[in-house]
Amino acid sequence: MDVRDGKLTHFTKVGRATKNAIFALHFKKVNMTINEIIQSAVITAIQELYGETITPEQATPTVTRKEFEGDFTIVTFPFTRFAKKKPGEIAEELGAHLVKNVQQLDRFNVVQGFLNLVVADSFWTNFLTEIADNEDFGKQPNNGQKVMIEFCSPNTNKPLHLGHVRNILLGWSCSQICEAAGYEVKKVQVINDRGIAICKSMLAWQKWGEGKTPESTGTKSDHFVGDYYVLFEQKFQEEYKVWQISTTGQAILDEKRKPEQADDQFFKDFKNTYFNEYSPLGKEAREMLLNWEAGDPDTMVLWRQMNQWVYDGFGATYQALGVSFDKYYYESDTYLLGKDIVEQGLASGVFYKKEDGSVWADLTDAKLDQKVVMRSDGTSVYITQDLGTAQMRYEDFGTEKMVYVVADEQNYHFQVLFEILKRLGEPYAAGLHHLSYGMVDLPSGKMKSREGTVVDADDLIAEVIEEARTASAERGELAELPKETQDDILRKIGLAALKFHIIKVGPQKRMVFDPKESVDLQGQTGPHIQYAYVRIKSVLRKAGEKLAKGNRQYSIESIELEPQEKELIAQLYRFPVAISTAANNYDPSEIANYCYDLAKAFHRFFTDLSILKAETEEAKLLRLELCGAVANVLKTGMGLLGIEMPERM
RNA sequence: GGCCCCGUAGCUCAGUGGAUAGAGCAUCUGCCUUCUAAGCAGAGGGUCCCUGGUUCGAAUCCAGGCGGGGUCACCA
């Protein structure tokens, strides 16, 4: 029997003979979860007891709160309507019926209208033996569907920062989660490698670079390019300041300043206009863009060189973060796409043309606005390109689902994009999803590149690893290991701290990133979870391989579980559900919270009960098997978040 | 102003129709001659933004406010 799909098969194992014939009536399949077994039994029981047919939803068991005895709880208040009895009475009758008819249920108790059901220990131990040696427990088999996930998608004029890190971690863990849920995943990004921004870096390097290179200056190559972008901004600001006090500048000020506007505020607002209409540097940059669009050979050489430096630098950061992509889409290739879609849309009446030649989509009946999809001069806008790339990607991969990991400032854009694709009748339109996430703030406020308050990705990674090094040195646990092994462990710990700190927050929420907290190693953190794994590995090493694997001598039917053991097993049982939920909602924080809960349950178990010196040999074997299963799930679960587990720490 | 997102302990966050709302950090108290104390146990700390509504039952759903953020370009 294959348990990889997360549905368990205890029927066949423990024998489904006499008591539960009712299941055969309602469910043909044998691999139901305990939740489903209880659910169907409740439906049957209510039918038999009160002659009422209830929905599966009304019969859904919830996890019993820990202050009461029991594993699952049925709320009987909704049944009073037809049962004509008090909730407590219904619970008693229902409980008796369920325990009589469901073999996996051992006993029940009633508190108010809450029916608490106790699942037999043998159910849990059976489950444990089924999954103990399955390192892939929780992962589901291929479901034949494909999903494409777009994430990161940087500009090529400056290095990656904290905002990209959140995006990358979300996108990467979503990819891993979808894969675990049975999808074939294609990870892609679209790189904004063209436009005025990269021209600024190019121009600055050409004018003031003196032929320097990343190699000659010993600078990481994407930072090298970013430095010239900053240099351009500096030179431009100097030029602008001089202009502001010039005769021309003052004349413009007098002419255009609104009465309520202060002088410096006016010049701040006027900056873009100055760049486009007055600035000599701006003129040069725009000329460079025109040269690029014309395919001027010298400009192309420079452009390729600058971008290559950036890609080399990005590559190093991706590697440090442990992420990779299946395909890169470059805007220099795609920025002209979408015109054929516009033609199609015009023909089918989804779009209409205004007198000036511009093409529009009227989405007002979908509570969206009118949206231009082609300028009057026939050139594409941002959304035209997205229309084109969506189609291109579908042709490339045939993915039923496409997920865009993009910050929430673009919510409206994606609403419009998806609505248009729907109206165009694209076959993949129903599978489009914008994984929108909140911006990352610092305790000091918003990140602003112009004010130099941006947290650089490479700096951040280096910092968390250094912090792990300091903390480790105090503990001294790693001192005797080879330096290479130590470095590997410290890298895993530091990155776990950083990644978990970001992923544990639900995507939708704007988050405050405190660098001090991101390097915390205690409490609700990545290293806390790694530590549970390390403790297990240490015990298993001491127990020896023979005891750790196979060789289970204990009798499943007779063993009595301690509460800490049962809690751990029940937690393991929820893992497949956590993966499905995370995949369906595109929400990695679901997995992060699951892993933390499991690690917490393990630490409690580890503190309260002795493994190697258990009271009986049977208990020892069961606990070792439990340890192994917890280690597998922690490793798989954290792996879904892109977090590696060390063997020692 | 229209639309969208967020509002839960001092701070960072879980919880989205069920029982007395939970973790971590910070503060305080215990627990290492016993499997790694990056751990465990306990204490204090709450107007779940406000007001109304639906429901046997609301932090959760609905309406209206308040506060914060985003967005409303022939920019990307």
Side-chain angles (χ1 to χ4, degrees), chain A residues 62 64-68 73 75-78 80-81 87 111-114 116 155 192 194-197 272 331 335 354 356-360 367-369 371-386 407-413 415 436-439 441 443 446 468 471-472 474-475 477 493 497 501 504-506 508-514 516-518 520-532 534-543 589-590 592-593 596-597 599-600 602-614 620 623-624 627 648-649:
Chain A
T62 56
T64 305
R65 294 179 64 101
K66 56 175 175 278
E67 58 264 41
F68 303 103
T73 296
V75 184
T76 61
F77 290 99
T80 54
R81 183 176 50 79
V111 182
Q112 312 292 346
F114 297 91
N116 300 320
N155 295 346
N192 183 10
R194 61 167 287 278
I196 195 70
N272 277 337
E331 291 205 346
Y335 80 110
K354 284 193 178 172
D356 63 2
S358 59
V359 180
W360 294 72
K367 287 188 181 169
L368 299 168
D369 221 327
K371 179 72 191 175
V372 68
V373 295
M374 177 109 75
R375 294 192 188 98
S376 48
D377 63 4
T379 55
S380 299
V381 291
Y382 181 53
I383 200 162
T384 323
Q385 193 182 140
D386 266 343
D408 62 6
E409 61 189 350
Q410 294 200 38
N411 282 354
Y412 182 75
H413 170 73
Q415 275 184 41
S436 165
Y437 63 91
M439 305 288 239
D441 291 326
K446 292 173 76 166
S472 175
E474 282 172 22
R475 285 162 54 86
E477 202 73 47
I493 297 173
H501 187 252
K504 72 178 180 187
V505 180
Q508 227 167 19
K509 232 166 187 160
R510 204 178 171 98
M511 68 176 289
V512 177
F513 182 91
D514 187 338
K516 284 202 294 286
E517 284 178 15
S518 75
D520 274 351
L521 308 171
Q522 277 138 26
Q524 198 177 35
T525 67
H528 171 97
I529 299 166
Q530 289 176 319
Y531 186 52
V534 163
R535 282 177 137 182
I536 293 171
K537 286 293 161 175
S538 176
V539 170
L540 293 184
R541 274 195 300 272
K542 293 205 162 125
S589 72
E590 179 82 22
N593 289 317
Y596 175 71
D597 289 341
K600 181 138 182 77
F602 175 79
H603 283 305
R604 188 176 302 129
F605 159 85
F606 186 87
T607 304
D608 291 352
L609 304 171
S610 182
I611 299 161
L612 296 175
K613 291 179 183 162
K620 175 176 160 185
R623 285 173 196 173
L624 282 170
C627 282
R648 302 164 201 267
M649 62 193 283

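A quick note: this is a predicted structure, and the numbers were derived from the prediction, not measured. Letters go in sequence order (proteins before strands), and every chain restarts at 1.
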Quiz item: Donor-acceptor pair under 3.5 Å: do we get one between A/T73's side chain and the base of B/A19?
Solution: yes
Quiz item: What interatomic distance, in whole Å, is found between C1' of B/U51 and the corresponding atom of B/G30?
Solution: 46 Å
Self-check item: Pairwise 5' ranking along RNA chain B for A/H413 and A/T64, keeping only the more 5' one
Solution: A/T64
Quiz item: What nucleic acid atoms does A/N116 come within less than 4.0 Å of, heavy atoms only: base, sugar-phosphate, or nothing?
Solution: base
Quiz item: What interatomic distance, in whole Å, is found between C1' of B/U47 and the corresponding atom of B/A73?
Solution: 44 Å
Practice problem: May I ask you to test the A/V372-A/I383 pair for a side-chain heavy-atom distance under 4.5 Å? | Solution: no
Quiz item: Do A/R375 side-chain atoms and A/V381 backbone N/O form a donor-acceptor pair below 3.5 Å?
Solution: no
Self-check item: Nearest-angstrom distance, C1' atom, B/G17 to B/C61
Solution: 8 Å
Quiz item: What integer number of Å spans the C1' atoms of B/A19 and B/G10?
Solution: 29 Å
Self-check item: Gap between atoms NE2 and C1', on A/H528 and B/A38 respectively (whole Å)
Solution: 9 Å
Practice problem: Could you tell me which nucleotide pairs with B/U34 by Watson-Crick or G-U wobble geometry, both distances under 3.5 Å, or answer none if nothing does? | Solution: none
Exercise. Using a 90° cut-off around 0 for syn, call B/C32 syn or anti.
Key: syn
Exercise. Please confirm whether A/R194 makes a cation-pi placement over A/Y335, using NZ or CZ under 6.0 Å from the six-membered ring centre and within 45° of the ring normal.
Key: yes
Exercise. Please identify each residue that fulfils side chain to side chain donor-acceptor pair (under 3.5 Å) with A/D441, with sequence neighbours left out.
Key: A/R510
Could you pull out the protein-nucleic contacts involving nucleotides 53-63 of chain B (nitrogen or oxygen on both sides, under 3.5 Å)?
none

Practice problem: Could you run through nucleotides 26-37 of chain B and give me one letter per nucleotide, 5' to 3': B if any protein heavy atom sits under 4.0 Å from the base, S if only the sugar-phosphate is that close, - if neither? | Solution: --------SBBS
Quiz item: Rounded to whole angstroms, how far apart are CG on A/N411 and P on B/C3?
Solution: 16 Å
Exercise. Taking atom types as modelled, find out whether A/T73 and A/T64 have a side-chain donor-acceptor pair closer than 3.5 angstrom.
Key: yes
Exercise. Kindly indicate whether the side chain of A/F114, heavy atoms from C-beta on, has any atom under 4.5 Å from the side chain of A/V75.
Key: yes
Practice problem: Round to a whole Å and report the spacing from CG of A/L521 to C1' of B/G24. | Solution: 14 Å
Exercise. Look at all strands and tell whether A/V381 reaches a base, only sugar-phosphate, or nothing, counting heavy atoms closer than 4.0 Å.
Key: sugar-phosphate
Quiz item: When the distance from CG of A/D441 to P of B/U12 is rounded to whole Å, what number comes out?
Solution: 11 Å
Quiz item: For the side chain of A/R604, counting heavy atoms from C-beta on, which of B/C13, B/C40, B/C6 is nearest?
Solution: B/C40
Self-check item: Donor-acceptor under 3.5 Å (A/T525 side chain, A/A497 main chain)
Solution: no
Quiz item: What nucleic acid atoms does A/Q530 come within less than 4.0 Å of, heavy atoms only: base, sugar-phosphate, or nothing?
Solution: nothing
Quiz prompt | Separation of atom CZ in A/F114 from atom C1' in B/G17, rounded to whole Å | solution = 11 Å
Practice problem: State, to 0.1 Å, how close A/I536 and A/F602 come at their nearest heavy-atom pair, and which atoms those are. | Solution: CG1-CZ, 3.3 Å
Practice problem: Work out which heavy atom in A/N593 is nearest to a heavy atom in A/Q524; give both atom names and the distance. | Solution: OD1-NE2, 4.4 Å
Exercise. Pick the P atom in B/A63 and in B/C3, then give their distance to the nearest Å.
Key: 12 Å
Exercise. Using Watson-Crick or G-U wobble geometry with both distances below 3.5 Å, tell me the partner of B/U47, or none.
Key: none
Practice problem: Nearest whole angstrom, please: distance from the C1' of B/A38 to the CD1 of A/I536. | Solution: 15 Å
Quiz prompt | Closest non-hydrogen atom pair, A/K504 against A/A592 | solution = CA-CB, 3.8 Å
Quiz prompt | Atom C1', compared across B/C49 and B/G68: separation rounded to whole Å | solution = 11 Å
Practice problem: Would you kindly give the CG-to-P distance between A/N272 and B/A73, to the nearest whole Å? | Solution: 16 Å
Quiz prompt | Residue-phosphate contact under 4.0 Å: A/Q524 side-chain N/O, B/A23 OP1/OP2 | solution = no
Self-check item: Paired nucleotide for B/U60 [Watson-Crick or G-U wobble; both distances under 3.5 Å]
Solution: none
Quiz prompt | Among B/C13, B/A76, B/A73, the one nearest A/M511 by side-chain distance | solution = B/C13
Self-check item: Nearest-Å distance once atom P is located in both B/C28 and B/C50
Solution: 32 Å
Quiz item: So which heavy atom on A/L521 is nearest to which on A/A468, and how close?
Solution: CD1-CA, 4.5 Å
Quiz item: At under 4.0 Å between heavy atoms, what does A/K600 touch on the DNA or RNA strands: base, sugar-phosphate, or nothing?
Solution: sugar-phosphate
Quiz item: Between the side chain of A/T80 and the main-chain N/O of A/P87, is any donor-acceptor distance below 3.5 Å?
Solution: no
Practice problem: Determine, stepwise, if the pair A/D408 / A/Y437 fulfils side-chain contact (heavy atoms from CB on, under 4.5 Å). | Solution: CA-CA 5 Å; A/D408 62 6; A/Y437 63 91; over 6 Å; no
Quiz item: Donor-acceptor pair, A/S538 side chain versus A/V534 backbone, under 3.5 Å?
Solution: no
Quiz item: Which is it for A/R648 and A/E477 under the side-chain contact (heavy atoms from CB on, under 4.5 Å) test, yes or no, and what are the steps along the way?
Solution: CA-CA 8 Å; A/R648 302 164 201 267; A/E477 202 73 47; over 6 Å; no
Self-check item: P-based separation of B/C66 from B/A43 [nearest Å]
Solution: 41 Å
Quiz item: Reckon A/G438 touches a base, only the sugar-phosphate, or nothing at all at heavy-atom distances under 4.0 Å?
Solution: nothing
Quiz item: Got A/H413 and A/D386 here, is their nearest side-chain heavy-atom distance under 4.5 Å?
Solution: yes
Identify each atom pair where a protein N or O and an N or O of nucleotides 42-44 of chain B are less than 3.5 Å apart, giving names and distance.
none

Quiz item: In Watson-Crick or G-U wobble terms, both distances under 3.5 Å, what is the partner of B/G67?
Solution: B/C6
Exercise. Hey, can you tell me if A/H528 and A/Y596 have their rings parallel, tilted or perpendicular (30° and 60° cut-offs)?
Key: tilted
Just the atom pairs and distances: protein N or O near nucleotides 69-72 of chain B's N or O, under 3.5 Å.
from  : atom 1 : to     : atom 2 : distance (Å)
B/G69 : O2'    : A/R510 : NH1    : 2.7
B/G70 : OP1    : A/K446 : NZ     : 2.4

Practice problem: Check whether any side-chain N or O of A/S376 sits under 3.5 Å from a backbone N or O of A/G357 as a donor-acceptor pair, and report yes or no. | Solution: no
Set out, line by line, the N/O atom pairs under 3.5 Å between protein and nucleotides 7-11 of chain B.
from : atom 1 : to     : atom 2 : distance (Å)
B/G7 : OP1    : A/K509 : NZ     : 3.4

Quiz item: Does a side-chain heavy-atom distance below 4.5 Å link A/I611 with A/F605?
Solution: yes
Quiz item: Does A/I383 or A/Q415 map to a spot on RNA chain B nearer the 5' end, using the closest nucleotide for each?
Solution: A/Q415
Exercise. Find the distance A/Q522:CD to B/G24:P and express it as a whole number of Å.
Key: 12 Å
Self-check item: Any strand: nucleotide that pairs with B/C13 via Watson-Crick or wobble, under 3.5 Å
Solution: B/G22
Practice problem: Classify the nucleic acid contact of A/L368 as base, sugar-phosphate or nothing, counting any heavy atom under 4.0 Å across all strands shown. | Solution: nothing
Exercise. Let me see the working for A/E517 and A/H501 under side-chain contact (heavy atoms from CB on, under 4.5 Å), right down to the final yes or no.
Key: CA-CA 8 Å; A/E517 284 178 15; A/H501 187 252; 3.8 Å; yes
